[in-house]
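Residue numbers start from 1 in every chain, and the chains themselves are labelled A, B, ... in the order their sequence lines are given, proteins ahead of strands. When reading the values below, keep in mind they use all heavy atoms of this one structure, side chains included, and skip hydrogens, waters and symmetry mates. These figures come from a predicted structure and were not determined experimentally.
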Amino acid sequence: MKTIGRRIRRTEDARLMTGRGTYMEDLQPLPNLHHAAILRSPYPHARIKGIHTERAEQMPGVKGVVTGRDVARWTQPFPVGVTAPVEYYSLAVEKVRFAGEPVAVVVAKNRYLAEDALDAIEVEYEPLPAVVDIEKALEPDAPVLHDQVGTNIANDRTFDYGDVDGAFSEADLVVSHKFNFPKFSATPVETYGVIAHHDPSENHFTIWSNFHGPFTLQSVMAAALQVPSNRLRIIIPKDIGGSYGIKSGVFPYMVLMAVVSKKVGLPVKWIEDRQEHLFASSSGTDRVTWIEAAVKRDGTITGLKMKIVDNVGGYIRAPEPASLYRTHSNTTGAYKVKNLRMHTVAVMTNKSPTGLIRGYGGPQHYFPLERLIPMIAKQLGMDPADVIRKNLIAKDDFPYRTASGGMYDSGDYQKGFETVLECAKYDEWKKRQKEARAEGRYLGIGLACIVEPSGSNMGYITMALTPEERAKSLPKSGCAEGATVSIDPMGGISVRISTVPSGQGHETVASQIVGEVLGVDPHSVRVIAEMDTSTSPWTVASGSYSSRFAPVGSSAVYHAAQKVRKKILEIAGKQLQVPSEALELKDGKAIGKDDPSKSVSLRRLIGSAHWNPQALPEGVEPGIHETAFFTIPTAMPPDEKDLVNGSVTYGFVADAVLVEVDPETGQIDILDYVTVHDAGKLLNPLIVDGQILGGLVHGLGGALYEELAYDANGQFLSGSFMDYLCPTATEIPPVTVKHLETPSPLTPLGAKGLGEGNTMSAPVVIANAVADALQPFDLSIDTLPLTPDRIWSLIRKAENKQPILEGEK
Amino acid sequence: MKLKKKEQTTICLTVNGRRYVESVEPRKLLSDFLREDCGLTGTHVGCEHGVCGACTILLNGSAVRSCLLFAVQVDGAEIRTVEGLDTEGHLNPLQEAFSEHHALQCGFCTPGILLSASELLEYNPHPTTEEIEEMLSGHLCRCTGYKGIVKAIEKVANRNPKFTHES
Ligand code: FES
Ligand code: FES
């Protein structure tokens, strides 16, 4: 039965719609669970001179209090992939470095009592000057967060590919600009949650959390807790209430609660509240980019120079500074630019620490790159669409090696881009814009083309180190994932995955794949998505990030199912006395490809593997329980020239957007949004469209509303959903999604990852449209979010400079 | 009724047709009461300040946020939570439509949205798209981008003029 590629309803839905999901807060895995509450710093930067916990410890129901001293005694600072000696613990030790940083933990019988006791803890702080602005933090007299580092710079690297000086000296035109990208999150509706239990008899920790990897962080946590890695068992519940990368940042709390459990001698549960989440969980980086392009008169971009500075907050926390390098291989995007110079810097300031988030580094990267295209077009008097056409990588160029070492596996970018122009009726939009302008209305068109990397190569993270530094340790590479397919004695098929879904429907897709490979109804296949580091088939790369399920996770499932298939066919071959190659699995039977009279039921074949191993063909093991691990060979370690292929598959997204801006209010109205995707073969288009739309709305939020804002002194201003605005149903524009399917040659099903592309493209395509709408004013759109307030101020400022309204020209 | 912070008080109410007589602290939130004392973990808590809508339940037929109420305030009331929407595992038409239109991903916001949508359809069986969006604007869903949810509710609104949450 063909099931891969079909719009199949999700198996997850029934339990989730009837209130029978199993989320973190629903778990009660142990008796005598106690509850933790966290006291947090009101100061962005301060020395802790003393903590007085005696009164709190005496309060009703309180079982213990943990402070930085306990954490410093029982844990090591978290390892991180840079050479700067930053000490990051799960609880502030001696100093706080961002508002909301955890300072003490109370454990009590229930959460109400634990929170009561927080008020009874007294902390003496010596406030220090704070810095939150990227450029200010780099100034020589800026307050320094970490004395032992001596500066706020956590990472600083330069890269030079091709002949950049040549390109710039031969350029007809150099276009340059500075861009600011804001700090924002994805605010999953479910917050962080942890249950930790320490068993002193074996010095063994068990931690339940809505953490979704990467499981490299399991070793980071074990190192912090100073236990052998098999003494740290991590269990992830079946259901996670959204993450979009953000929940990867729960790991410091996993370690914190482990220490708390150890000190208090009780199993401890902690559920983060919304305020804590906004203050102190995780987010994307804010970034300043200086970009310069060398351009020929015909619009060809021949060289790029970029300096990017990411704000990683008060501590650089693994996997940061990876946000700087996640898109390194696809820095030049969808364009054939061979000469590239990069300067990448991670700076620490008194904001909350950052980490994985949908699009990881991509929204920050494509904002300057794609904003530059219409700027180039304007200076050359060209249509931006023609500048894009001039520079797109051609179909025949695939597989395409980028300047920085990326290996784009497949694509047809021209077709994708022409499709978006066609669907959007680009020429008609231009006409509408002209007519509107004649009426004094401001319509604008935005275009953007981006390459969407998926299935990250673990090796890219080591780009934070120089080739010489990298050479000192084992090379890192790969994107491996495991899966197990087993069949029990009565024929029940189970699949065990380690991809830790948080709403992406991995259970459904895994059942589709296994159902098709084994010739059974996918609904009969049970998928177990709970992750358990003691029993699941996992690797350092396991987990949910970089859209790796479609290219990598599903491939592991496919290979495990193929192993089972091969085994069953061998058994069938012996029973039917035919070569196994002459057989196939169909409708619950092994059946002769050319001779359907040769057939035996799956149930019978499985039965013999379990009940009568003596009758198995020679060399075939009893039982049916096959695990496969899958990786893609192009995920190589970075080489000594700093070339790296940071992802295994690369999709393509082309967006066209039409907006109207009201210059009186600064209000932006998105009239139409068309997006064309090529993510290889689609495994379940129903889920695909859901992922795309979710990612798009995430990007839209970043473009227009969302910001984790601080004042100049480091006080946090977005501590509730009243201050941190997320898009709601009334703000969603009309969206058209179109697909091309250029298969990846590197994955068995031809699939590539998706769901992050529009998070990367939406901020810039909307910004391009707004900039286009406001062309009659002399202003530049280089800072997000595009709140009415910001747009209004820009227009007023421009008007005061030179009021050149179209009608007056 | 004047109550001290930690004095327990007994309340009696009906949830999904089952009667509960429980003793609670006056400060216990209704959302916590439903989850902890009634074991109905389908009611989710996303913000505890009345914005996300995840904790929405039906209180005497009206959609309300259970994180903004104390359990003691609902003494004598009749409550319906997401666990009371299906009939022994058989999904109601709204739930069917949600699945068909992929109106949920992680499912964390879904219970609250299902209950608000149930209320809407009960009082206004044929809401316009704008009315549906207006109702939904009281809920945050960070996964779906809302379109599937709107479509699912539209489907029920057009197909089933006599929709009730009891299906
Ligand atoms: S939890 Fe009640 S509205 Fe968010
Ligand atoms: S489905 Fe995840 S928040 Fe709505």
Side-chain angles (χ1 to χ4, degrees), chain A residues 7 9-10 12-23 25-26 60 110-113 116 186-191 239-244 271 273-275 277 501-505 686-687 689-698 700-701 720-722 726-732 735, chain B residues 6 25 27-28 32 35-36 40-54 81-86 89 91-92 94-96 98-112 114 130 132-150:
Chain A
R7 295 179 85 85
R9 275 170 59 159
R10 301 194 320 160
E12 293 88 345
D13 291 348
R15 70 170 184 268
L16 300 179
M17 290 189 302
T18 55
R20 287 160 186 110
T22 312
Y23 299 91
E25 198 181 352
D26 309 337
N110 64 45
R111 195 173 140 200
Y112 291 75
L113 294 172
D116 287 345
T187 62
V189 184
E190 181 202 38
T191 56
D239 297 307
I240 295 181
S243 168
Y244 333 100
I271 302 294
D273 72 23
R274 180 56 55 189
Q275 191 184 24
H277 188 83
S502 51
Q504 304 95 327
L686 184 70
I687 294 177
D689 287 343
Q691 287 300 312
I692 288 174
L693 192 65
L696 192 153
V697 172
H698 183 184
L700 176 105
S720 82
F721 273 150
M722 262 93 82
C726 309
T728 71
T730 44
E731 281 101 34
I732 310 305
V735 178
Chain B
K6 280 168 195 148
E25 257 187 69
R27 63 168 171 171
K28 185 149 205 170
D32 287 347
R35 295 181 50 83
E36 292 166 13
L40 296 167
T41 53
T43 299
H44 296 152
V45 173
C47 72
E48 271 182 319
H49 55 257
V51 180
C52 75
T81 68
V82 68
E83 288 91 344
L85 292 180
D86 62 307
L91 302 178
N92 77 14
L94 183 63
Q95 291 169 317
E96 288 287 353
F98 263 56
S99 188
E100 190 186 325
H101 292 285
H102 194 24
L104 67 155
Q105 290 179 21
C106 77
F108 201 78
C109 68
T110 313
L114 284 170
E130 289 70 38
I132 294 171
E133 286 172 353
E134 199 51 48
M135 175 280 289
L136 271 181
S137 69
H139 290 266
L140 292 182
C141 173
R142 299 297 268 158
C143 291
T144 63
Y146 305 102
K147 289 209 183 285
I149 305 175
V150 175

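Of the atoms belonging to B:V82, heavy atoms from both backbone and side chain fall under 4.5 Å from chain A. Residue contact with chain B, scored on non-hydrogen atoms closer than 4.5 Å, involves the backbone and the side chain of A:Y112 alike. For B:T144, the part sitting under 4.5 Å from any heavy atom of chain A is the backbone (N, CA, C, O) and nothing else. With a 4.5 Å cut-off on non-hydrogen atoms, B:E36 does not touch chain A at all. Only the side chain of B:L114 comes within contact range of chain A, judged by heavy atoms closer than 4.5 Å. Contacts of B:E48 with chain A are made by side-chain atoms alone, with heavy-atom separations under 4.5 Å and no backbone atom involved.
Ranked by heavy-atom pairs under 4.5 Å with chain B, the list A:N110, A:D689, A:T187, A:D273 is led by A:T187. Of the listed residues B:K28, B:H139, B:E130, the one with more heavy-atom pairs under 4.5 angstrom with chain A than any other is B:K28. Of the listed residues (A:I687, A:T191, A:L696), the greatest number of heavy-atom pairs within a distance under 4.5 Å of chain B belongs to A:I687. Taking A:G505, A:G701, A:S720 one by one and counting their heavy-atom pairs under 4.5 Å with chain B, the maximum is reached by A:S720.
Taking the six-membered ring for Trp and thresholds of 30 and 60 degrees, B:F108 and B:H44 have nearly parallel ring planes, at less than 30 degrees apart.
A side-chain donor-acceptor contact under 3.5 Å links B:S99 and A:R9.
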